[in-house]
There are 2 protein chains.
Amino acid sequence: MAASATREKIVTAADRLFYERGFEYTSFADVAAVVGISRGNFYYHFRTKDEILVAVIERRIKDRHAMLEGWVAQGKSPRECLASFISILTVNAAKIRAYGCPVGTLFSELSKLNHPQEAGARALFDLFRHWLRQRFEDMGHGAEADALAMQLLARSQGAASLANAYPDDAFLAREVDQMMAWLDTVADPATIPS
Amino acid sequence: MAASATREKIVTAADRLFYERGFEYTSFADVAAVVGISRGNFYYHFRTKDEILVAVIERRIKDRHAMLEGWVAQGKSPRECLASFISILTVNAAKIRAYGCPVGTLFSELSKLNHPQEAGARALFDLFRHWLRQRFEDMGHGAEADALAMQLLARSQGAASLANAYPDDAFLAREVDQMMAWLDTVADPATIPS
DNA sequence: GTCTATACCTGGATAGAC
DNA sequence: GTCTATCCAGGTATAGAC
């Protein structure tokens, strides 16, 4: 678990390449080339490719957790937090159009491969799901908070998928606007049937 | 282009395996095993793996086109047609929970591979997009018909993605209900701002 | 049209020198 | 900690017999 500099570089490079090219399609040679080390050196830091995947997923969970909790720590209201979540689609628009959602596409790939780390990828989804649910609960929603979280997660996944298929600036902006408008309608729980 | 029985069997098997395991992760040996032929025999029918992919995409386009136009030919109203589209999520729920959306996951994979047939996968999306747009136009929508088509496509993609991540019966049913309710709100163009 | 045999390459993984 | 050399499995593709 010692975080050597080379190890960190490997995880950083793998994180990017797994996102841009997918896990299966990224070879050790690819990662080694980016990091600037030999393929053999790899195995000093990671015994198998799966170990790198585990490290990448851990890294992503840590990053996203820090981002989400950072908003809370900044004192944002539940509603502002949800708006910030939706804004991810705007902030990362260029990457999403090029490569899709890092969470969704990783899960999709590992699911098809029947990879043991499918559970790890689901944990990434869980992180968002639970955080969103907490925000809806803080907003006054009770039993339906998890359903609202799933609904918002689904919409953002769908927007990311289609933005990837149709790299059209206007589409993603429109989806974000609609999600923000939807957020207004659920901001007052009285307007939403449970 | 002669549609020999063996060739058809290969396309059928590849279609299923590309969906269940993904394109890259499906080997010739896998397909050959399902069809019950030798690997060598393969190359009599298809010179490369990409040629099989082209045939699979053609097959999927043909199938989906027949399904969509079949609804129109049955005399369904634009609104009934859109409801039938939404119902795909219910009819194919089991497969979607297990493998995701055949259109979305194929596009996502080919996009990451930078595969030439990414365009073919997009054509599959286009088929749905244009058909949906036509239904919204027939319903009285004008300039916003395409945006509505994209919106519905995005929601169904998102629902499929999350249903794959969380194989929960209730979630997909809820998403379908919400899309049907949304359909009610757009059935009368007067209620929708352009 | 279908088979077996095989060439060839890529990519994951190991051994051992430095 | 990093390197080179090498092994081995699996996957695409070809040749040629039947």
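Numbers restart at 1 for each chain; the letters A, B, ... are given by sequence-line order, proteins then strands.
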Report task. May I ask you to list the residues of residues 12-24 of chain A, by number, that have any heavy atom positioned under 4.0 Å from an atom of DNA chain D? Result ->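 By residue number: none to list.
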
What is the distance, to the nearest angstrom, from the [atom1] atom on [X] to the [atom2] atom on [N]?
| X | N | atom1 | atom2 | value |
| --- | --- | --- | --- | --- |
| A:Tyr25 | D:dG10 | OH | C1' | 17 Å |
| B:Ile10 | C:dT2 | CD1 | C1' | 11 Å |
| A:Arg47 | D:dG1 | CZ | C1' | 16 Å |
| B:Leu113 | C:dT10 | CG | P | 17 Å |
| B:Glu8 | C:dG1 | CD | P | 12 Å |
| A:Asp30 | C:dG12 | CG | C1' | 13 Å |
| B:His45 | C:dG1 | NE2 | P | 7 Å |
| A:Tyr43 | D:dG1 | OH | P | 19 Å |

Query raised in the report: Distance from B:Met180 atom CE to B:Ile86 atom CD1, nearest 0.5 Å?
Result: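 Those atoms lie 5.0 Å apart.
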
Report yes or no: do [X] and [Y] form a side-chain donor-acceptor pair below 3.5 Å?
| X | Y | value |
| --- | --- | --- |
| A:Arg39 | A:Ser27 | no |
| B:Ser111 | B:Arg122 | no |
| B:His115 | B:Glu118 | no |
| A:Tyr25 | B:Asn114 | no |
| B:His130 | B:Asp146 | no |

Query raised in the report: Under 4.0 Å between a side-chain N or O of A:Tyr44 and OP1 or OP2 of D:dG1?
Result: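 Checking A:Tyr44 against D:dG1: at least one side-chain N or O falls below 4.0 Å of OP1 or OP2.
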
Query raised in the report: Phosphate oxygens OP1/OP2 of C:dT2: is one of them under 4.0 Å from a side-chain N or O of B:Thr6?
Result: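 Answer is yes, contact under 4.0 Å.
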
Report task. Would you mind listing every side-chain hydrogen bond (donor to acceptor under 3.5 Å, both in side chains) that reaches into residues 84-95 of chain B, with sequence neighbours excluded? Result ->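 Residue pairs passing side-chain hydrogen bond (donor to acceptor under 3.5 Å, both in side chains), neighbours aside: B:Lys76-B:Ser84.
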
**Report entry** Six-ring centre of B:Trp131, B:Arg135 cation under 6.0 angstrom, axis tolerance 45°
**Finding:**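 Judged by the rule, B:Arg135 and B:Trp131 form a cation-pi pair.
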
Query raised in the report: Checking all strands, does A:Phe28 fall into the base, sugar-phosphate, or nothing category for heavy-atom contacts under 4.0 angstrom?
Result: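 Counting heavy atoms under 4.0 Å across all strands, the contact made by A:Phe28 is with sugar-phosphate only.
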
Extract from the structure each pairing of a protein N or O with an N or O of nucleotides 3-6 of chain D at less than 3.5 Å, listing the distance.
{"from": "D:dC3", "atom 1": "OP2", "to": "A:Ser38", "atom 2": "N", "distance (Å)": "2.8"}
{"from": "D:dC3", "atom 1": "OP2", "to": "A:Ser38", "atom 2": "OG", "distance (Å)": "3.2"}
{"from": "D:dC3", "atom 1": "OP2", "to": "A:Asn41", "atom 2": "ND2", "distance (Å)": "3.2"}

Query raised in the report: Minimum heavy-atom separation for B:Phe128 to B:Leu153, with atom names?
Result: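 For B:Phe128 and B:Leu153, the tightest heavy-atom pair comes out as CB-CD1, 3.9 Å.
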
